Participant: 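Before we start, here is the structure in question, set down as structure tokens.
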Amino acid sequence: MNDKRPGIPTYALLAVLAVLFLYPIWWAISSSIKPAAEIISDPLSFNPLDATLDGYRAMFADVPIGTGFANTALVLVVKGAMTLFFCPLAGYAFAKYRFAGKNVLFGIVLLTLMLPTLVLIIPLLLEMSALGWVNTYKALILPGSIDAFSIFWMRQVIAAIPDELLDAGRVDGASEFGLFRRIVVPVIRPGLAGLAVLTMMNIYNDFVWPVVAVNDEKHQTLQVVLSTLAQNITGNRIGADFATVWSELLAASSIAMIPLLLVFIFLQRHFINGILAGSVKG
């Protein structure tokens, strides 16, 4: 067999692409520890001898970023758990059960993928208002916790499981939920891991719905806190200049990047395996 390995031009191209992708992250982190005046006067340079944490200290004093992290973590845990529990069950039903109207119902689920998020904002907000859930964690968690994409993803992954494996479990006396818990879940673990990574990123980066559903500081998620960061800085500090705002904004953005960078570094293998899960059926 011919073992064709990438040559030097391929590695050189990949190195250039890596630099292009990583440079914005490096610039944001390095600029966050620069003196505020240098961010404006000389934005592309960085001298480690001039590094300072003044921007971080001022940011923690002016911006409720801890509250944003806490709210995001709460929404992430509860909403993510609901997605990873109910969506695989729905995908299992669509993949392995036969019932009247299954194809029509699954088609309706897929049709909801075509609706832009902005189209659903007003109906959802009216519903939250009627239920009295505006400015509550319920409004942040429940809408979107069971979404069409996750159901579709799980349905495609579970469809690759041989029916004979489930029939053998039924012969052994396993209940339907027992089949799902003991046979289906271990097999679809890569797909669940990929869905978990996507769900975490979507919830962590979600901005449109949280900024509409809550308008008090107590329930603001991290992305909403970051969006109002400039107003918080200028409101809490009289005479705050443009350089100060940029220094604290870069400090907050650098801290907000850390969770996603850790997820990418430690879970990228699971994410790739999850994407490949169910792509080959047989």
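This one's a predicted model, so the numbers in the text were calculated from it and none came from an experiment.
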Participant: In this structure, would Ile40 and Ile33 fall into the same cluster of hydrophobic residues linked by side-chain contacts under 4.5 Å?
Facilitator: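 They do share one cluster, since a chain of ILVMFWY contacts under 4.5 Å joins Ile40 to Ile33.
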Participant: Donor-acceptor pair, distance only, cut-off 3.5 Å: does the side chain of Thr72 make one with the backbone of Phe69?
Facilitator: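 No, the answer is negative, given that no donor and acceptor are paired below the 3.5 Å cut-off.
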Participant: Any donor and acceptor pair, going by atom type alone, linking the side chain of Asn71 with main-chain N or O of Thr67 inside 3.5 Å?
Facilitator: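 Confirmed, Asn71 side chain pairs with Thr67 backbone.
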Participant: Within the structure provided, determine whether Leu261 and Ile25 are in side-chain contact (heavy-atom separation under 4.5 Å).
Facilitator: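 Yes, side chains in contact.
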Participant: Find the distance between CD1 (Ile158) and CZ (Phe94) and round it off to the nearest 0.5 Å.
Facilitator: 11.5 Å
Participant: For the residue pair Val263 and Tyr204, establish whether any side-chain heavy-atom pair is separated by less than 4.5 Å.
Facilitator: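 Answer no - side chains too far apart.
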Participant: Does one hydrophobic cluster hold both Phe86 and Ile108, with members joined at side-chain heavy-atom distances below 4.5 Å?
Facilitator: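 Different clusters.
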Participant: Heavy atoms, side chains only, cut-off 4.5 Å: are Ile39 and Leu250 in contact?
Facilitator: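 Heavy-atom side-chain distance check passes, below 4.5 Å.
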Participant: Specify whether Phe149 and Trp153 have parallel, tilted or perpendicular ring planes, treating 30° as the upper limit for parallel and 60° as the lower limit for perpendicular.
Facilitator: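 Ring orientation, 0 to 90° scale: perpendicular.
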Participant: Between Ile183 and Leu165, is there a side-chain heavy-atom distance shorter than 4.5 Å?
Facilitator: yes
Participant: Strictly distance-based, threshold 3.5 Å: is any side-chain N or O of Asn47 a donor or acceptor partner for the main-chain N or O of Leu49?
Facilitator: yes
Participant: To the nearest 0.5 angstrom, please state how far the OG1 atom of Thr83 sits from the CE atom of Met154.
Facilitator: 11.0 Å
Participant: State the CG-CG distance between Leu84 and Leu89, to the nearest 0.5 angstrom.
Facilitator: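 Leu84 CG to Leu89 CG: 11.0 Å, rounded to 0.5 Å.
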Participant: If I take atom CD1 from residue Ile203 and atom CG from residue Leu198, how far apart are they, to the nearest 0.5 angstrom?
Facilitator: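 If I round to the nearest 0.5 Å, the distance is 11.0 Å.
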Participant: Is there a side-chain contact between Met200 and Leu76 (heavy atoms, below 4.5 Å)?
Facilitator: yes
Participant: Quick check for you: to the nearest 0.5 Å, what is the distance between Leu192 atom CG and Phe85 atom CZ?
Facilitator: 12.0 Å
Participant: Kindly compute the distance separating CG (Asn205) from CD (Gln223), expressed to the nearest 0.5 Å.
Facilitator: 5.5 Å
Participant: Does atom CZ of Arg170 have more than 12 heavy-atom neighbours from other groups under 6.0 Å away?
Facilitator: yes
Participant: Under a 3.5 Å distance rule, please check whether Asn135 uses its side chain to pair with a backbone N or O of Asn215 as donor and acceptor.
Facilitator: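 Judged by distance alone, yes, a pair lies under 3.5 Å.
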Participant: Taking Leu142's backbone N and O only, do any of them form a donor-acceptor pair with Ser145's side chain (distance below 3.5 Å, no angle check)?
Facilitator: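 Side chain of Ser145 to backbone of Leu142, a donor-acceptor pair under 3.5 Å: yes, one is there.
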Participant: Any chance you could lay out the side-chain contact (heavy atoms from CB on, under 4.5 Å) test for Val211 and Gln220, step after step, and finish with the verdict?
Facilitator: CA-CA 8 Å; Val211 80; Gln220 286 182 345; over 6 Å; no
Participant: Would Lys96 and Asp163 pass as an ion pair if we require N to O under 4.0 Å?
Facilitator: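 Looking at Asp163 together with Lys96, the answer is yes, because their closest N to O distance falls below 4.0 Å.
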Participant: Looking only at atom types and distance, does a side-chain atom of Lys79 sit under 3.5 Å from a main-chain N or O of Gly144, one as donor and one as acceptor?
Facilitator: no
Participant: Does Val187 reach the side chain of Val157, with side-chain heavy atoms less than 4.5 Å apart?
Facilitator: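 SC-SC contact between Val187 and Val157 ruled out.
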Participant: For Ser31, does its backbone N or O pair with a side-chain atom of Trp246 as donor and acceptor, under 3.5 Å?
Facilitator: no
Participant: Measuring only between side-chain heavy atoms, which start at C-beta, is Phe152 closer than 4.5 Å to Leu110?
Facilitator: yes
Participant: Under the side-chain contact (heavy atoms from CB on, under 4.5 Å) rule, what do Leu179 and Val184 come out as? Steps first, then yes or no, please.
Facilitator: CA-CA 7 Å; Leu179 289 175; Val184 176; 5.5 Å; no
Participant: Which of parallel (below 30°), tilted (30 to 60°) and perpendicular (above 60°) describes Trp26 and Phe46?
Facilitator: perpendicular
Participant: Check the hydrophobic clustering (I, L, V, M, F, W, Y; side-chain heavy atoms under 4.5 Å; chains of links allowed) and say if Leu140 and Leu118 are grouped together.
Facilitator: yes
Participant: Please tell me if the side chains of Ile29 and Met257 come closer than 4.5 Å, counting only heavy atoms from C-beta onward.
Facilitator: yes
